[in-house]
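Numbers here are sequence positions counted from 1. Both counts, for ligands and for their atoms, begin at 1 and track the order of listing.
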Amino acid sequence: MKVHTYERAFLTLGGLLLVACLGALLYASLAMGIHLPGRVGQIDPEALASTPPFDAPGVRQTGPGAYEVVMIGKAWVFEPAEVRVPAGTAITFTATSSDVLHGLHVDGTRLNMMLVPGQVSQNTYRFEEPGRYLILCHEYCGAGHHTMYGTVIVE
Ligand code: CUA
């Protein structure tokens, strides 16, 4: 009899947790707009030099208070290695890899994406605080992986 009671209690608890987690997930994606970095397109990794926007990596203004950072990851650098963006604006990172799998994580932020050869990744972030932010490659990409980093300067 007691065993049944405990079983029922645990099943109920499990069910409630499931509903709570699903609710949190839906709330995060629908109400807060949090989602995985999008895969926005495909690209020939050997033709980056002649394929916009990767033929001209760097920062460009895309609208009032909106900027785009176009970045290429390659063994073992980010190109460009340093970007300057204004604080408090929407910065969209559009990035890909020209060779192997790399990662792009801006330290201290939720900006985190995979750079996959042949695939264009995109993620938008707003830097509220001016400063220097380290860009790290977080995917093992060969002998120089630990030397692969860049800088975002927020002014
Ligand atoms: Cu690029 Cu690790």
side-chain contact (heavy atoms from CB on, under 4.5 Å) against E155, all qualifying residues, sequence neighbours excluded:
R84, I153

Which residues satisfy the side-chain contact (heavy atoms from CB on, under 4.5 Å) test with V154, sequence neighbours excluded?
V85, A87, F127, Y133, V152

Looking only at heavy atoms, what is the nearest atom pair of G88 and E128, with distance?
CA-OE1, 3.8 Å

With a 4.5 Å cut-off on side-chain heavy atoms, are L48 and I72 touching?
yes

Pairs touching residues 47-60 that satisfy side-chain hydrogen bond (donor to acceptor under 3.5 Å, both in side chains), sequence neighbours left out
none

How about atom 1 (Cu) of ligand 1, which protein N, O or S atoms come within less than 2.8 Å?
H102 ND1, C137 SG, C141 SG, M148 SD

Would E68 and T94 count as a side-chain hydrogen bond (donor to acceptor under 3.5 Å, both in side chains) if you check the C-alpha gap in whole Å, the side-chain angles of each, and the deciding distance to 0.1 Å?
CA-CA 7 Å; E68 181 182 34; T94 303; 2.6 Å; yes

